[in-house]
Amino acid sequence: MTTLSVRDSKVVWHPFTFLKSKQLPITISKAKGIYFYDDKGNKYIDGISSWWVNAHGHCHPYIIKKVHQQLQKMEHSIFASFTHEPAIELSERLLKKLPGMSKVFFSDNGSTSVEVALKMAFQYWSNKRAPRTKVIAFKNGYHGDTFGAMSISARNVFNNAFEPLLFDVIHIDVPTKGNEKKAMLQLQNEVKKNDVACFIFEPLVQGAGGMVMYESYILNEMLALCKKHNCISIADEVMTGFGRTGKMFAIDYLTNKPDIICLSKALTAGFMPLGLSICNSTIYKAYITDDKTKTFFHGHSYTGNPTACSAALANLDIFDKPVTFKNITRINEQHLKFQVKVKQHKNILDVRVIGIIIAFEIRSKEKTHYLNSISETMPTFFLKRGIILRPLGNVLYILPPYCIGNKELKTIYKAVNEFLDSL
Ligand SMILES: Cc1ncc(COP(=O)(O)O)c(C=O)c1O
């Protein structure tokens, strides 16, 4: 009998996958809580929340119930000229959690939420008859795989092939420890010209760039500077949103708020694709006009999908229960304890922790990079120990669903230690 993996290799093209790799994908046949189960009966701890989308564990019964209830009422409806309660309620509840924000625009994934945010910002200036197209972004960022998102992301192996097609962006330094003044000065030099359309950033953690972390106070100062010079600020919370940094949103650490926020990934707790670009009233007002040409002509077929909204609403219900942030705090405390122990290891360059994320920058002969060859052996090493971890080059990280127990965390920490010892 032909295995599913072999059938897969004949017909499926997987994302971010080296096609000459000898390794066939593992066929997952079911998932429950913190575990994935393959078709051979092996179980694996999901140490990365299934590409950062899961929040409360797999197949959460409450979310299943809510999605099922919604599916019996209506699976989908067109969202231009029509609306429905799940989208309205989701917008109301999110806006309550995001002070200063005014309107919610729906799309289907992280890249589209970024694409929409950029278009909102560019057209804001165009509608005001003062067109601006300059964008500032951090070096080393990752905002998705569509053309706008690639343009603002770091220019690297992910988008080299498209370089001539990407629009120009001013990439400034990330304000990591010791780099704050330099980054601030670079931002100041650009925004003071009062001609920048927007500044986009991953708040406090650059995810795909290697879990690079920086302090909230400097981002707060950067947002103040943007406000002073009339530059729209966009927080890409696609990865950081929904508890990853220890608060509901990374911008909850700031007193100055961005003009636009992008959300996706854990928004539906990993149940359905959904993206949101949420803006304040200043942005929205630029579109309220008698001139029909100033309409925001953007929309996807699955925009506002009610089933996805019902998953997001169930997700928010679970966030509203005290146990969720208790778990987030507990995971953070465990990470901090392990950080102290592991940072002494000779094969560790750096260990970073924020919220439920712990990242290990591993020493190797090559520089810290996505294609660092150390990453080739890592996934198999952990799979053999019943753990799914997918490093970013020589940066290994744990970003678990919030229902993970201390016992499973210890299993992962032990395997990390063993990997470091094996080098
Ligand atoms: C910060 C950030 N923005 C945008 C995206 C793109 O999201 P998606 O993969 O859903 O298109 C990602 C994906 O990892 C991300 O980390």
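Numbering of ligands and ligand atoms starts at 1, following listing order. Just so it is clear, the values below take in all heavy atoms, side chains as well, and ignore hydrogens, waters and symmetry mates.
In summary, the aromatic rings of His300 and His298 are positioned with their centroids under 6.0 Å apart. Taking the ring centroids of Phe296 and Tyr124, they lie at or beyond the 6.0 Å cut-off. The aromatic ring centroids of Phe242 and Phe249 lie less than 6.0 Å from each other.
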Discussion item. I'd like to know whether His76 forms a ring-ring contact (aromatic ring centres under 6.0 Å, His included) with Tyr302, so could you lay out the CA-CA distance, the side-chain angles of the two residues, the decisive distance to 0.1 Å, and finally the verdict.
Written reply: CA-CA 8 Å; His76 184 60; Tyr302 279 91; 5.0 Å; yes
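Of the candidates Leu254, Asp252, Thr255, Leu254 is the only one forming a side chain to side chain contact (heavy atoms under 4.5 Å, CB included) with Ser216.
Tyr284 pairs by the ring pair (Phe, Tyr, Trp, His ring centres under 6.0 Å) definition with nothing, not counting sequence neighbours.
Within 4.0 Å of ligand 1, heavy atoms belong to protein residues Trp52, Asn109, Gly110, Ser111, Tyr142, His143, Gly144, Glu202, Asp236, Val238, Met239, Lys265.
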